[in-house]
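Predicted model, so just to flag it, every value in this text is computed and none were measured.
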Amino acid sequence: MTPNAALANGDKAPVLSVNGLNVDARLATGDVSVLCDISIDVAKGEILGVIGESGSGLTVLSRAIMNWLPSPLQATKGEVNFRGSNLLKVSAAEMRRLRGKEIAYIGSDSSTALNPTVPIGKHLVSKLRSVLPQYSEQQARQRIMELFDAVRIPSPRARFNEFPFQFSGGMMQRVMIVDALCTDPALLVADNITQPLDVTVAEQIVRLLRDLRDDFGTSVVFSSASLPVAAEISERLLVLQNGRVLEETTPQDIVSSPKTDYTKTLTARVPRIWSVDHTPPRSVVMKPILSVRNATKAYFTKDPKTYFGKQTVEAVRGVSFDVLEGENLGIVGESGCGKSTLSRLLSWVEQPDTGDIFFDGKSISKMSNRELKALRSQFQLILQDPYTCLPGHKTVGEIISEPLRIHRIGSVSKQRDRVREVMQEVGLPAGSDLNLPYQLSASQRQRVNIARAMVLNPRLLILDETLSSLDQVEQARLLDLFEDLQKRHKYTYIFISHDLALVRRACSRVLVMYLGRVVEMAENEKLFFDPQHPYSRALLSAMPTLEKNRFDAEECLLEGEPPSPVNIQPGCSFRTRCPHAMEICGKIDPTPETHGLSHVECHLVHEREMVQELDRQSMRRHDP
Ligand code: SF4
């Protein structure tokens, strides 16, 4: 039921009404304000979007609505009224009854939300029966199965008995939605739930929440650091900055008439795909710095069906491409498509099973250890997670200078000078070389990673989802930094990312991966305006954007997730999700069509090319 329908039914009282809420952090040094004077109403069946940068108070607001603030945070003023009762004043026993039954919460990290030793179905049945004891085991099981169907978890009977580690990120987020909705709550608090997901899965979750709202009349508070996602799902938007509500608006007005300078900056920083003229740097040299030839990589895992058996996970399957000196090459695809395995092969952290990789025309596999050590200073890998990839016990200065010590470059004082020089270049505050990583923000930690990679003056930087844990404002700042560093040092970049907007802005050429294969490679403009492969079109159609999407999501919506990379069958791997799949697609691998630096693998494109060639030949025959 939509809010209007709710009001038409006479259901006028808001389900949630927050009035003048203040939350403070009670520290030994004094109180620090985290949320100040927040007031919001959410009607029955309404989806309210709350947006802001990291640190603006999104998660604190979500937790405050649940009356679930961790110490030292405390609600010091105001009310959180749910169906007329102030949640900040109800007893602990009453709050326990309401949580899970009438108000449900879903967080962004679904991977650690459930006990890993208990099957998913058993966990959900026991949660449902503890909240609603009138349900028998059989009825609870039936209800969970219905919800598995509603959230489109494939093969619900089989998956009911699987463990959390057997579910992907997108499927676990669906399980969390089942967990939240199994008791028919009146209010769902969704805290940044699409942040860790691929665009295709995030699009499916957004549709799902809207359908569930329509079917069950649930009210939703949807907080998100992504403005396009929040604008797509919500009827109203609230903009938070530094714990205060700056403005309340609609998704249409936030783009056409933002009321505050902050909102203007926030909307201006959302990357545009089609309405801007991007000219990311192109290579003028046309000389490959790195060449990959027919690289494959497979892993062996235990076969769950047999006691001693093994199964083959084919992560990268016969991949070939060149990276030109001075260019920015983007590698995109959903989780599990082989991007990260490929990044480990490119940086020679792992070796391919077959095929080879060449740096400056020399085969890396044929290099001696001494040559390989010298080569390692020329290319560097920067990883995704700024929290786990820095050793917590070392100072920033020690971390950045480590490559200089390993390669025995310069005296201690020269190393110190070089560290300060790169710290200044990447925008780290002077004096922070003495800090430990935990004393820095996520963005500053990522700058430490960049400084550590730059300190040896490399020629090639491989950025594996380096910006994906940051909000859009920080991403834009770091992209400016990468551009600036490239102008000064002539770096070549490989951006590995699931974020197409970032790749559109930063990369001159883009390579699309699906299930370990490169299915399309094209120049930036060609890929974003005229993609040839159905999978590239589907990825673009799922892009959350503030513009009108060039590709209709209804025509190319991807349902489900990529098939398993275990024992892949012959034929096109995309056929199970492709709206254009033909009989031949299930039998024969598509022939790669390569023209210069562009490449596509699809029977449709092959057929189209053959028809065009026949037309050309027939025109030549009829030409006098
Ligand atoms: Fe679709 Fe067939 Fe092309 Fe694969 S080869 S993308 S199934 S049309």
Side-chain angles (χ1 to χ4, degrees), residues 280-297 315-333 337-384 403 407 449-450 453-454 456-466 482-483 485-486 489-497 503 506-513 516-524 527 592 594 596-599:
R282 265 163 227 251
S283 172
V284 282
V285 190
M286 294 304 281
K287 174 180 153 238
I289 183 169
L290 193 79
S291 301
V292 183
R293 289 291 171 269
N294 210 15
T296 62
K297 184 75 191 170
V316 171
R317 303 184 293 137
V319 164
S320 299
F321 62 94
D322 288 328
V323 185
L324 302 180
E325 180 121 42
E327 79 166 337
N328 295 353
L329 178 75
I331 301 181
V332 299
C337 71
K339 299 188 302 280
S340 291
T341 305
L342 183 60
S343 83
R344 288 197 294 277
L345 300 185
L346 297 181
S347 49
W348 212 248
V349 173
E350 289 186 61
Q351 281 103 60
D353 298 332
T354 60
D356 207 349
I357 297 177
F358 300 83
F359 193 89
D360 267 345
K362 273 196 212 145
S363 160
I364 302 182
S365 63
K366 297 200 173 70
M367 286 183 187
S368 63
N369 283 348
R370 180 190 280 257
E371 283 176 309
L372 199 54
K373 188 175 172 196
L375 179 72
R376 287 211 180 276
S377 64
Q378 304 214 32
F379 59 80
Q380 294 286 319
L381 174 67
I382 308 179
L383 295 170
Q384 171 180 7
H407 286 266
N449 269 325
I450 298 165
M454 278 176 60
L456 292 176
N457 275 325
R459 290 166 59 202
L460 170 68
L461 289 171
I462 301 167
L463 310 163
D464 186 1
E465 299 279 9
T466 301
F482 287 133
E483 248 174 67
L485 293 174
Q486 188 170 46
H489 302 290
K490 312 256 176 301
Y491 289 147
T492 303
Y493 291 122
I494 300 178
F495 283 89
I496 297 174
S497 178
V503 168
C507 300
S508 47
R509 269 191 320 133
V510 188
L511 191 147
V512 183
M513 284 192 79
R517 290 286 299 171
V518 174
V519 294
E520 182 160 9
M521 180 165 65
E523 298 242 328
N524 181 317
L527 189 96
T594 306
L597 292 172
S598 63
H599 168 100

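Note on ring orientation: taking the six-membered ring where Trp is involved, the planes of F495 and F482 are perpendicular (angle over 60°, cut-offs 30° and 60°).
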Quick one: do I450 and L485 satisfy side chain to side chain contact (heavy atoms under 4.5 Å, CB included)? Show the steps, please. CA-CA 11 Å; I450 298 165; L485 293 174; 4.3 Å; yes

Applying side chain to side chain contact (heavy atoms under 4.5 Å, CB included) to D322 and R293, what does each step give before you reach the verdict? CA-CA 9 Å; D322 288 328; R293 289 291 171 269; 2.8 Å; yes

I would like to know whether Y493 and L329 meet side chain to side chain contact (heavy atoms under 4.5 Å, CB included); could you show each step before the answer? CA-CA 6 Å; Y493 291 122; L329 178 75; over 6 Å; no

Does F321 form a side chain to side chain contact (heavy atoms under 4.5 Å, CB included) with M521? I'd like the steps, not just the answer. CA-CA 9 Å; F321 62 94; M521 180 165 65; 3.9 Å; yes

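The backbone N or O of L461 sits nowhere less than 3.5 Å from a side-chain atom of Q380 that would complete a donor-acceptor pair. Listed for the T466 side chain is a donor-acceptor partner under 3.5 Å among the backbone atoms of I382. Between the side chain of R376 and the backbone N or O of W348, at least one donor-acceptor pair lies under 3.5 Å. Put simply, the side chain of K297 gets close to the backbone of Q351: a donor and an acceptor are under 3.5 Å apart.
Taking the charged nitrogens against the carboxylate oxygens, K362 and D356 have no contact shorter than 4.0 Å, which rules out a salt bridge.
Nearest heavy atom pair, residue G318 against residue N294, reads CA-OD1, 3.4 Å.
By the side-chain hydrogen bond (donor to acceptor under 3.5 Å, both in side chains) test, R317 pairs with S573, sequence neighbours left out.
Between the side chains of D360 and Q378, not a single donor N or O lies within less than 3.5 Å of an accepting N or O.
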